[in-house]
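Read through the structure below, which is laid out as structure tokens, and then see the notes.
What you see is a predicted model, and the numbers here were worked out from it, not measured in a lab.
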Amino acid sequence: MTLLFNRIRQARRGAEMSQSELAAAVGVARSAVAQWERKDGAKPTTDNMGKIAMATAVSFEWLATGRGGRWLGGDAETPAMLLNFYAQCGLEERLLVAFRSLRSPEQLPLVDFVEAMTDRA
């Protein structure tokens, strides 16, 4: 079984994210991610572990313990329910699945756009 610092690194690399991109997705400094990926480094909080799992599309159980399946949904589309979001309709689920398939830098402009649209309503 791999150690936590290795699972965090594997999750980040598997999601093709830099430490800076993961830090932005989680809402921490890049140095925090660097610490999490060090053998003798700091451990992320449970809240941050959940954010890491969401940002990298890995199972929280796998990230936290090394047990269970690593990737959410495998190669198939990931239903919104597995992403810890509860879509209220099929259209909302499609939106969440598409959004989660984007890398963090690609997500921000979409969030800004949708928020701008809701400000006008």
Side-chain angles (χ1 to χ4, degrees):
M1 184 181 313
T2 59
L3 298 174
L4 176 60
F5 76 95
N6 274 328
R7 290 191 303 275
I8 293 170
R9 183 179 300 131
Q10 288 172 7
R12 178 181 59 78
R13 288 181 177 168
E16 298 179 353
M17 297 176 82
S18 67
Q19 287 184 343
S20 296
E21 289 170 332
L22 181 57
V26 175
V28 298
R30 190 208 55 82
S31 60
V33 175
Q35 278 292 314
W36 298 339
E37 292 185 0
R38 287 175 42 111
K39 183 176 182 178
D40 58 348
K43 307 273 188 280
T45 64
T46 303
D47 184 51
N48 284 340
M49 292 260 295
K51 291 176 184 178
I52 295 166
M54 294 292 291
T56 60
V58 298
S59 156
F60 180 84
E61 179 184 8
W62 175 83
L63 185 64
T65 68
R67 294 188 302 264
R70 177 176 172 182
W71 301 107
L72 289 177
D75 292 331
E77 278 191 56
T78 304
M81 295 289 286
L82 292 178
L83 298 173
N84 293 328
F85 289 105
Y86 297 95
Q88 296 177 4
C89 65
L91 185 61
E92 199 172 311
E93 181 174 332
R94 285 179 49 207
L95 180 63
L96 290 170
V97 169
F99 180 80
R100 294 290 298 144
S101 70
L102 298 172
R103 293 179 59 201
S104 181
E106 298 164 330
Q107 292 173 339
L108 185 58
L110 289 176
V111 171
D112 291 341
F113 174 73
V114 172
E115 287 176 343
M117 289 183 66
T118 59
D119 289 343
R120 290 189 305 211

Heavy-atom donor-acceptor pair, Q35 side chain to A42 backbone, under 3.5 Å: yes
Of all residues at least two apart in sequence or in a different chain, which pass the side-chain contact (heavy atoms from CB on, under 4.5 Å) check with D47? T45, K51
Could you grab the distance from atom OG1 of T56 to atom CH2 of W62, nearest 0.5 Å is fine? 7.5 Å
Donor-acceptor list for residues 17-24 side chains, cut-off 3.5 Å, not counting sequence neighbours:
unit_1 : atom_1 : unit_2 : atom_2 : d
S18    : OG     : S20    : N      : 3.4
S18    : OG     : E21    : N      : 3.0
Q19    : OE1    : R30    : NH1    : 2.7
Q19    : NE2    : E37    : OE1    : 2.9
E21    : OE1    : S18    : N      : 2.8
E21    : OE1    : R103   : NH2    : 2.8
E21    : OE2    : R103   : NH2    : 3.1

Yes or no on side-chain contact (heavy atoms from CB on, under 4.5 Å) for N6 and K39, after CA distance, side-chain angles and deciding distance? CA-CA 8 Å; N6 274 328; K39 183 176 182 178; over 6 Å; no
R67 side chain vs E61 backbone, donor-acceptor pair below 3.5 Å: no
Is any side-chain heavy atom of W36 less than 4.5 Å from a side-chain heavy atom of V33? yes
Any chance you could measure L63, atom CG, to I8, atom CD1, to the nearest 0.5 Å? 5.5 Å
Considering residues at least two apart in sequence or located in another chain, which fulfil the side-chain contact (heavy atoms from CB on, under 4.5 Å) criterion with L102? E106, Q107, L110
Would T46 and F60 satisfy side-chain contact (heavy atoms from CB on, under 4.5 Å), going step by step from the backbone distance to the final call? CA-CA 10 Å; T46 303; F60 180 84; 4.1 Å; yes
Separation of R7 CZ from T65 OG1 (nearest 0.5 Å): 6.5 Å
Work out which heavy atom in A53 is nearest to a heavy atom in S59; give both atom names and the distance. CB-C, 4.4 Å
Can you name the side-chain hydrogen bond (donor to acceptor under 3.5 Å, both in side chains) partners of D40, sequence neighbours left out? R38
Donor-acceptor contact present, side-chain S101 to main-chain A98, <3.5 Å: yes
